[in-house]
Amino acid sequence: MAEPTEQQIVAALGAITDPDAGRDIVSLGMIQGLAVKDGVVSFAIEVDPQRGAAMEPVRQAAEAAVAALPGIRSARAVLTAHNPAPDQSKPPPRSAPNSPAPGARGPAKLDVPGVRAIVAVASGKGGVGKSTVAVNLALGLAARGLAVGVMDSDIYGPSIPRMVGIDRKPSSPDGKTILPLENHGLRVMSMGFLVPEETPMIWRGPMVVSAIEQMLRDVQWGELDILIVDMPPGTGDAQLSLSQRVPLTGAVIVSTPQDIALIDARKGLNMFIKVEVPVLGIVENMSYFACPHCGERSEIFGHGGAREEADRLGVPFLGEIPLHMTIRTTSDSGNPVTVSEPDSPQAEAFHALAARVWAAVEQQMGEAKAAAPSIVFD
Ligand code: ADP
């Protein structure tokens, strides 16, 4: 049976009334992040933090209204609380551009209990080694004795499963939540576990956000010191709303020296500044060529651009990762260099990166503790 269109789903939700406002939840702009895929619908209902419990019947009614449509296999609604009154001196956060409810307020941050810090690894464009850096950074952090998770939100090209050597499917013992898969001491979740790597998928912005929200909400991460989020490449609307929805401790930007003047990296930086996510720093990947035979270092791309650019922009420089054959071959075989050749100079570069990133995270967490927390629930 054909699945209903977004309009039909929104129409069904239009029959649900918010008892306090006396109006329907669609015209009140409360529906966010509506996603429809193979008859599975998910969306969020944004409510005042104080009204959380009272809104549960509305949530259930909304879920039931969508589930009753022909062609729907399951419907899932979550309540999200928007942040307390915004600071009027700052421009209001943007709502998701494809959100079905124009005028809805900026998305609230998701609550990820048990996870102390969440760090995004981002790049202005694809192919700069973002996923490679994310995985090896995670392994470097794990080598420091930290409990580390990796969330592959690069759903356009989920390469993390291959890089960490996991090709099983995750299980869901309770039918509601998913257990992350583990290898090399990392807890890992990726859409790639659910969808084969070669399957082409067309993701629209809200679907990306919804898929990622599910990975944060429905995966039993357990207690983690740090969750590394491999972001989709680029700085489009999906990346922007992700940066707004995920309670990021900070972001690490991966760049290569040949991005002339690092224009793409600067775009990434600006995006995080716009959504007030601290930029922990820039990493220069494929910084110089390390010859696998003689170990000689060649500055093929005239390295050092990222360090200068970071200085100019007033952002920390987190280090240089060489362009080295084994970084690629070990990732391709599921045994990243940081674990398979832990004493090599390549692994050293990632260990040093991990140390700098963790120091920056600890500093951010210290500063965050001093500031009042915002009320967020799911
Ligand atoms: P992105 O996530 O930015 O698209 P990937 O991490 O998938 O990029 O890397 C793209 C390709 O480049 C992969 O084949 C990867 O193994 C290789 N690669 C990344 N960084 C390095 C490096 N420092 N040295 C050698 N190969 C690398």
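Along the sequence shown, residues carry numbers from 1. Each ligand, and each atom within it, is numbered from 1 in the order the structure gives. Because only heavy atoms are used, hydrogens play no part in the values below, and waters and symmetry mates are left out as well, while side chains stay in.
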> How far is atom 17 (C) of ligand 1 from its nearest protein heavy atom, and which residue and atom is that?
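Here the closest protein heavy atom is R328 CG, 4.1 Å.
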> With side-chain hydrogen bond (donor to acceptor under 3.5 Å, both in side chains) as the criterion, how do T329 and D332 come out once you've worked through the C-alpha distance, each side chain's angles and the decisive distance to 0.1 Å?
CA-CA 5 Å; T329 51; D332 281 353; over 6 Å; no
> With atoms numbered from 1 as shown, which atoms in ligand 1 lie under 4.0 angstrom from a non-hydrogen atom of K130?
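Matching atoms, with element in brackets: 1 (P), 2 (O), 3 (O), 6 (O), 8 (O).
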> Does the N or O separation between H324 and ligand 1 drop below 3.5 Å for any pair?
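For ligand 1, there is an N or O atom that lies under 3.5 Å from one belonging to H324.
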> Among protein heavy atoms, which lies nearest atom 8 (O) of ligand 1, and at what distance?
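For atom 8 (O) of ligand 1, the nearest protein heavy atom is G129 N, 3.1 Å.
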> Give me the residue, atom name and distance of the protein heavy atom closest to atom 4 (O) of ligand 1.
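Checked against all protein heavy atoms, atom 4 (O) of ligand 1 sits closest to G127 N, 2.9 Å.
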> Would you say S123 has any N or O atom under 3.5 Å from an N or O of ligand 1, going by distance alone?
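In this structure, S123 places no N or O atom under 3.5 Å from an N or O of ligand 1.
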> Looking only at distances, can you tell me whether any N or O atom of S331, backbone or side chain, sits closer than 3.5 Å to an N or O atom of ligand 1?
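Among all N and O atoms of S331, none is under 3.5 Å from an N or O of ligand 1.
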> Side chain of N335, backbone of T330: donor and acceptor closer than 3.5 Å?
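It does not hold such a pair.
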> What is the nearest protein non-hydrogen atom to atom 20 (N) of ligand 1, stated with its residue, atom name and distance?
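The protein heavy atom lying closest is N285 ND2, 3.0 Å.
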> Determine, for R307 against E284, whether the closest basic-nitrogen to carboxylate-oxygen distance falls under 4.0 angstrom.
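Salt bridge flag = no for E284 with R307.
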> Is there a chain of hydrophobic side chains (I, L, V, M, F, W, Y, each step under 4.5 Å between heavy atoms) that links V10 to V58?
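Same hydrophobic cluster.
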> Using a strict 4.0 Å threshold on nitrogen-to-oxygen distance, state whether D218 and R76 make a salt bridge.
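Between R76 and D218 there is a salt bridge, with a charged N closer than 4.0 Å to a carboxylate O.
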> Name the residue from S131, S190, S331 that meets the side-chain contact (heavy atoms from CB on, under 4.5 Å) definition with S159.
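Considering S131, S190, S331, a side-chain contact (heavy atoms from CB on, under 4.5 Å) with S159 is found only for S131.
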> Charged N to carboxylate O under 4.0 angstrom, R59 versus E63?
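Judged by the 4.0 Å cut-off on N to carboxylate O distance, R59 and E63 do form a salt bridge.
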> Any idea which protein heavy atom is nearest atom 6 (O) of ligand 1, and the distance to it?
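Result for atom 6 (O) of ligand 1: T132 OG1, 2.6 Å.
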> Quick check: does D332 get an N/O under 3.5 Å from an N/O on ligand 1?
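Checking ligand 1 against D332, no N or O pair falls under 3.5 Å apart.
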> From the options L186, V229, L141, select the one residue that forms a side-chain contact (heavy atoms from CB on, under 4.5 Å) with V150.
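The residue from L186, V229, L141 that satisfies side-chain contact (heavy atoms from CB on, under 4.5 Å) with V150 turns out to be L186.
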> Please determine whether a side-chain nitrogen of the Lys or Arg among D18 and R23 lies less than 4.0 Å from a carboxylate oxygen of the Asp or Glu.
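No salt bridge links D18 with R23.
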> Once you restrict to heavy atoms under 4.0 Å, what part of M163 touches ligand 1? Side chain, backbone, both or neither.
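The part of M163 near ligand 1 is the side chain, not the backbone.
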> Could you establish whether P322 and ligand 1 come within less than 4.0 Å of each other, counting only heavy atoms on the residue side?
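Yes.
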> With heavy atoms under 4.0 Å as the rule, classify the contact between V133 and ligand 1 as side chain, backbone, both or neither.
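The answer is neither.
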> Can you find an N/O atom of V128 closer than 3.5 Å to an N/O atom of ligand 1?
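Among all N and O atoms of V128, at least one is under 3.5 Å from an N or O of ligand 1.
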> Take atom 11 (C) of ligand 1 and look for protein heavy atoms under 4.0 Å from it; say yes if you find one, no if not.
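Within 4.0 Å of atom 11 (C) of ligand 1, no protein heavy atoms are found.
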> Go through the steps for S210 and S42 under the test side-chain hydrogen bond (donor to acceptor under 3.5 Å, both in side chains), then give the verdict.
CA-CA 7 Å; S210 167; S42 62; 2.8 Å; yes
